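Note sheet for the following structure.
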Amino acid sequence: MPKFQRIKGTHDILPQDARKWRYVEGVVQEVMQRYNFDEIRTPIFEETALFARGIGQLTDIVSKEMYTFLDRGKKSLTLKPEGTAPVIRAFIEHSLGEKKPVHKLYYISPMFRQENPQAGRLRQFHQFGAELVGSAAPEADVETIALAVDIYEQLGLKKYTLKINSVGDATCRAPYKERLKDYLRPRLDKLCRSCQERFDKNPLRILDCKEEGCRAETAEAPLIIDHLCEDCHAHFEAVKSLLSRLGIAFEVDHRLVRGLDYYTRTAFEILSGALGAQNALGGGGRYDLLAEELGGKPTPSVGFAAGIERLLMVLEKENLLSDFDSGPDVFIATLGEEARRWAVQTARQLRQRGLRVDYDFLGRSLKAQMKEANRSGARFALIVGENELQARKVVLRNLSSSEQETVAIDSLVGELEARLGKPG
RNA sequence: GUGGGCGUAGCUCAGUAGGUAGAGCACCAGGUUGUGGCCCUGGUGGUCGCGGGUUCAAGUCCCGUCGCUCACCCCA
């Protein structure tokens with residue numbers, strides 16, 4: 001048992017996995033670029049009040065999941081539990097809205113939530129996300145949804161479900177909430193205990209409860225979709241029709257509610273059956289009121305966030321993550337002191353030419369060095385002893401074909417580059 | 001915060017009726033005086049999560065504790 005171990009809910013990403021992360025992050029960046037989203041990087045921590053204000057004091061995230069601490073100046077700081085509030089804070093702080101009306105921003109970042117870990121749920125986890133800031137048009141909603149979908153498509157993912165809903169806005173949500181509460185009030189005692197708690201805090205979420213009894217009780221409950229104001233209704237219809245035009249399959253789920261308070265109108269989630277209990281790959285929606293809430297000018301916006309760990313779990317399950325092993329171009333195996341010194345020098349020379357080169361650091365036998373070369377996945381081995389040095393030649397062995405030949409040291413670089421297909 | 005499962009070599013695990021630990025893989029060395037992948041031989045490696053108790057004797061029984069994991073809740 002090691003003396004120190006990683007703290008609960010965190011993961012070390014070891015080299016073999018790091019390759020998979022780099023691949024996924026690369027695809028994310030590439031698709032983001034196609035949609036002309038630009039990267040933004042915000043700090044790992046923020047003033048606590050930013051999240052309390054932005055996400056909502058009553059949400060689970062803020063009320064019980066944040067990593068909050070005091071700095072030496074007794075200021076309350078919080079490790080970011082989500083990405084949208086920080087991005088909007090930066091947007092306001094740097095007056096980006098004054099420079100041009102619409103900003104398309106994306107991020108890839110760790111997030112922190114102090115929950116009990118389980119499959120697909122960590123305390124430090126990673127999200128990529130995008131925010132389209134400054135447009136109220138339904139095209140903007142569709143832009144972010146299509147972007148999310150295309151990232152999954154680009155990764156080869158087939159089995160996922162897109163669910164969408166509208167949660168209304170300032171004019172229609174409050175009245176609907178009251179109607180819903182009126183409906184639920186007489187049935188309150190038949191609901192599960194957590195739903196009874198939700199009644200005051202977040203009644204909309206009761207519709208999303210998985211309890212058999214609650215589902216039955218709410219089967220006939222009024223749905224927000226039937227109580228949207230005219231503008232919200234038109235917006236939702238436009239979003240749906242644009243999605244259809246793009247051939248993006250979706251399910252309307254009138255019970256879909258998101259856990260962060262800032263959402264208005266469009267809300268969506270992307271689910272995967274391959275995940276277990278935590279089945280949301282990503283989610284997002286429109287948040288037209290957030291910028292004002294954070295002290296900025298009214299700035300209608302949409303965005304989404306998606307979990308990288310969950311995505312990797314699914315890709316792994318679907319067998320979409322293979323062939324990431326690769327070894328050096330050349331492994332130098334030596335015999336004798338003089339040859340070892342030559343290897344140090346030659347390795348650097350080759351590396352400066354752009355080749356990936358490695359050699360032995362343990363002073364082992366030639367046989368052990370060859371074994372190491374094989375294990376490393378190297379394409380070529382360079383075998384060098386006193387004989388070769390005297391003759392100014394080296395043995396160049398192709399490790400997959402087992403063919404080898406003697407090459408003059410002076411023409412080594414050219415010979416290697418020719419065989420590796422690299423530009424000389 | 002609550003509940004279930006699990007904690008034996010680097011990894012995956014076995015361990016019978018309690019008698020102070022094994023396999024496969026990996027690793028190292030040799031079989032080839034200067035050459036890998038297969039094969040053969042040998043070797044390194046374990047306070048059996050930790051603490052306490054029962055017992056002549058505990059990985060094996062009892063209690064506690066910590067950790068991991070899955071689930072509830074919530075969400076990525």
Side-chain angles (χ1 to χ4, degrees), chain A residues 1-11 14 16 55 58-65 80-84 108-129 148 192-195 197-198 201-202 205 208-211 256-260 269-272 275-284 304-314 327 331-336 339 360 362 364-389 394-404:
Chain A
M1 187 54 66
K3 186 167 185 184
F4 293 110
Q5 59 183 25
R6 63 185 195 274
I7 64 168
K8 186 199 279 277
T10 67
H11 275 356
L14 299 170
Q16 205 177 345
I55 302 171
L58 293 179
T59 59
D60 282 13
I61 292 178
V62 172
S63 63
K64 52 190 194 196
E65 294 171 3
K80 58 180 166 184
E82 62 99 45
T84 302
I108 301 177
S109 167
M111 304 291 171
F112 305 86
R113 268 127 88 158
Q114 191 163 182
E115 302 182 83
N116 260 347
Q118 72 188 67
R121 195 171 74 185
L122 297 170
R123 289 185 171 186
Q124 175 178 338
F125 60 103
H126 301 260
Q127 290 187 331
F128 59 89
C192 72
R193 198 183 313 152
S194 46
C195 277
E197 284 172 26
R198 289 175 182 135
K201 267 171 60 176
N202 189 355
R205 183 153 282 289
D208 204 27
C209 185
K210 285 143 206 144
E211 289 286 327
L256 173 66
V257 179
R258 310 231 69 239
L260 292 75
E269 252 173 27
I270 294 172
L271 308 172
S272 167
L275 273 176
Q278 308 302 314
N279 64 351
L281 269 176
F304 79 90
I308 298 178
E309 283 85 354
R310 289 183 189 181
L311 176 54
L312 284 164
M313 284 170 74
V314 175
F331 190 98
I332 306 175
T334 62
L335 267 164
D360 171 68
L362 297 174
R364 289 184 285 183
S365 68
L366 183 61
K367 176 174 175 162
Q369 292 180 60
M370 289 303 289
K371 217 177 159 185
E372 181 67 41
N374 183 60
R375 175 170 38 213
S376 76
R379 294 176 62 187
F380 290 94
L382 226 49
I383 301 162
V384 192
E386 309 295 331
N387 302 343
E388 285 77 7
L389 285 183
V394 295
V395 173
L396 179 56
R397 182 178 178 87
N398 181 321
L399 288 175
S400 50
S401 70
S402 293
E403 288 163 4
Q404 69 181 45

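Convention: sequence-line order gives letters A, B, ...; per-chain numbering from 1. The structure displayed is predicted, hence computed values, not measured ones.
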Item to check | Steps toward salt bridge (charged side-chain N to carboxylate O under 4.0 Å, His left out) verdict (A:Arg121, A:Glu115) | outcome: CA-CA 8 Å; A:Arg121 195 171 74 185; A:Glu115 302 182 83; 3.4 Å; yes

Checklist entry - What residues, two or more places apart in sequence or in another chain, satisfy side chain to side chain donor-acceptor pair (under 3.5 Å) together with A:Arg364? => result A:Asp360, A:Glu372

Next on the checklist: Under 4.0 Å, counting only non-hydrogen atoms across every strand here, what does A:Leu122 touch: a base, just sugar-phosphate, or nothing?
Outcome noted: base

Checklist entry - Rounded to the nearest 0.5 Å, what separation is found between the CD1 atom of A:Ile383 and the CD atom of A:Glu388? => result 8.0 Å

Item to check | Nucleotide B:G1, atom P - distance to CG of A:Asp60 in whole Å | outcome: 15 Å

Checklist entry - At under 4.0 Å between heavy atoms, what does A:Arg364 touch on the DNA or RNA strands: base, sugar-phosphate, or nothing? => result sugar-phosphate

Checklist entry - Could you give the CD-to-C1' distance, from A:Glu309 to B:C75, as a whole number of Å? => result 13 Å

Item to check | Upstream residue (5' side of RNA chain B) when A:Gln278 and A:Gly385 are each assigned their closest nucleotide | outcome: A:Gly385

Checklist entry - At under 4.0 Å between heavy atoms, what does A:Ala119 touch on the DNA or RNA strands: base, sugar-phosphate, or nothing? => result sugar-phosphate

Checklist entry - When rounded to the nearest Å, what value does the distance between C1' atoms of B:G45 and B:A9 take? => result 6 Å

Checklist entry - Which comes earlier along RNA chain B counting from the 5' end, the contact point of A:Arg123 or that of A:Lys8, where each point is its nearest nucleotide? => result A:Lys8

Next on the checklist: Is it the case that the side chain of A:Glu309 and the backbone of A:His126 share a donor-acceptor pair, with hydrogens and angles ignored and the cut-off at 3.5 Å?
Outcome noted: yes

Find every protein N or O atom lying less than 3.5 Å from an N or O atom of nucleotides 35-39 of chain B, and list the pairs.
| residue | atom | partner | partner atom | Å |
| --- | --- | --- | --- | --- |
| B:U35 | O2 | A:Gln404 | OE1 | 3.3 |
| B:U35 | N3 | A:Gln404 | OE1 | 3.1 |
| B:U35 | N3 | A:Gln404 | NE2 | 3.1 |
| B:U35 | O4 | A:Gln404 | NE2 | 2.8 |
| B:G36 | O2' | A:Asn374 | ND2 | 3.4 |
| B:G36 | N7 | A:Arg397 | NE | 3.3 |
| B:G36 | N7 | A:Arg397 | NH2 | 2.9 |
| B:G36 | O6 | A:Arg397 | NE | 3.2 |
| B:G36 | O6 | A:Arg397 | NH2 | 2.7 |
| B:G36 | O6 | A:Ser402 | OG | 2.3 |
| B:G36 | N1 | A:Leu399 | O | 2.4 |
| B:G36 | N2 | A:Asn374 | OD1 | 2.9 |
| B:G36 | N2 | A:Leu399 | O | 2.4 |
| B:G36 | N3 | A:Asn374 | OD1 | 3.2 |
| B:G37 | O4' | A:Asn374 | ND2 | 3.1 |
| B:G37 | O6 | A:Ser402 | OG | 2.2 |
| B:G37 | N1 | A:Ser402 | OG | 3.0 |

Item to check | Paired nucleotide for B:G1 [Watson-Crick or G-U wobble; both distances under 3.5 Å] | outcome: B:C72

Next on the checklist: Under a 3.5 Å distance rule, please check whether A:Arg397 uses its side chain to pair with a backbone N or O of A:Ala381 as donor and acceptor.
Outcome noted: no

Checklist entry - Using the C1' atom in both, what is the distance from B:U44 to B:G10, to the nearest Å? => result 12 Å

Checklist entry - Rounding to a whole Å, what distance do you find between A:Asn279:CG and B:C70:C1'? => result 15 Å

Next on the checklist: When you measure only distances, ignoring hydrogens and angles, does the side chain of A:Arg310 come within 3.5 Å of the base of B:C75 through a donor and an acceptor?
Outcome noted: yes

Checklist entry - Looking only at atom C1', what distance separates B:U8 and B:C50, rounded to whole Å? => result 14 Å

Checklist outcome for this item: Closest of B:C68, B:A76, B:A71 to the A:Asn116 side chain is B:A71

Checklist entry - Across all strands, who's sitting opposite B:C27 as a Watson-Crick or G-U wobble pair, both distances under 3.5 Å? => result B:G43

Checklist entry - Atom CZ of A:Phe128 to atom C1' of B:A76: distance rounded to whole Å? => result 10 Å

Checklist entry - What is the nucleic acid contact for A:Gly120, judged by heavy atoms within less than 4.0 Å: base, sugar-phosphate only, or nothing? => result base

Item to check | B:U33 pairs with, by Watson-Crick or G-U criteria that keep both distances under 3.5 Å | outcome: none

Checklist entry - If you measure from the P atom in B:U65 to the same atom in B:A26, how many Å do you get, rounded? => result 41 Å

Checklist entry - With rounding to whole Å, what would you report as the distance between B:U54 and B:G18 at their C1' atoms? => result 11 Å

Next on the checklist: Would you measure the distance from the P atom in B:C25 across to the matching atom in B:C38 and give it in whole Å?
Outcome noted: 11 Å

Checklist entry - Taking C-beta and beyond as the side chain, do A:Leu382 and A:Phe331 meet within less than 4.5 Å on heavy atoms? => result no

Checklist entry - Is there a Watson-Crick or G-U wobble partner for B:G64 with both distances under 3.5 Å, and if so, which one is it? => result B:C50

Next on the checklist: Could you check whether any side-chain heavy atom of A:Met111 comes within less than 4.5 Å of a side-chain heavy atom of A:Pro81, counting everything from C-beta outward?
Outcome noted: no

Checklist outcome for this item: When rounded to whole Å, the CG to C1' distance for the pair A:Leu362 and B:A29 reads 14 Å

Next on the checklist: What is the separation between atom CD1 on A:Ile7 and atom C1' on B:U69, rounded to the nearest whole Å?
Outcome noted: 17 Å

Next on the checklist: Any N or O donor-acceptor pair under 3.5 Å from the base of B:A76 to the side chain of A:Glu115?
Outcome noted: yes

Item to check | Proximity to the side chain of A:Arg121 - top-ranked nucleotide from B:C72, B:A29, B:U69 | outcome: B:C72

Item to check | Heavy-atom side-chain contact between A:Ile108 and A:Gln127 under 4.5 Å | outcome: no

Checklist entry - Using the P atom in both, what is the distance from B:C61 to B:G19, to the nearest Å? => result 11 Å

Checklist entry - Expressed in angstrom and rounded to an integer, what is the separation of A:Ile61 atom CD1 from B:C73 atom P? => result 16 Å

Checklist outcome for this item: note: A:Arg113, atom CZ; B:G1, atom P; distance rounded to Å ~ 19 Å

Checklist entry - Do any side-chain nitrogens or oxygens of A:Arg6 fall under 4.0 Å of OP1 or OP2 in B:G67? => result no

Item to check | Phosphate OP1/OP2 of B:A71: any A:Gln118 side-chain N/O under 4.0 Å | outcome: yes

Checklist entry - Partner of B:C13 by Watson-Crick or G-U wobble geometry, both contacts under 3.5 Å, or none? => result B:G22

Item to check | No-hydrogen, no-angle side-chain donor-acceptor test under 3.5 Å, A:Asn374 and A:Ser376 | outcome: no

Checklist entry - Under 3.5 Å, is there a donor-acceptor pair between the side chain of A:Gln369 and the main chain of A:Thr334? => result yes

Item to check | Pairwise C1' distance for B:U16 and B:C72, with rounding to whole Å | outcome: 38 Å

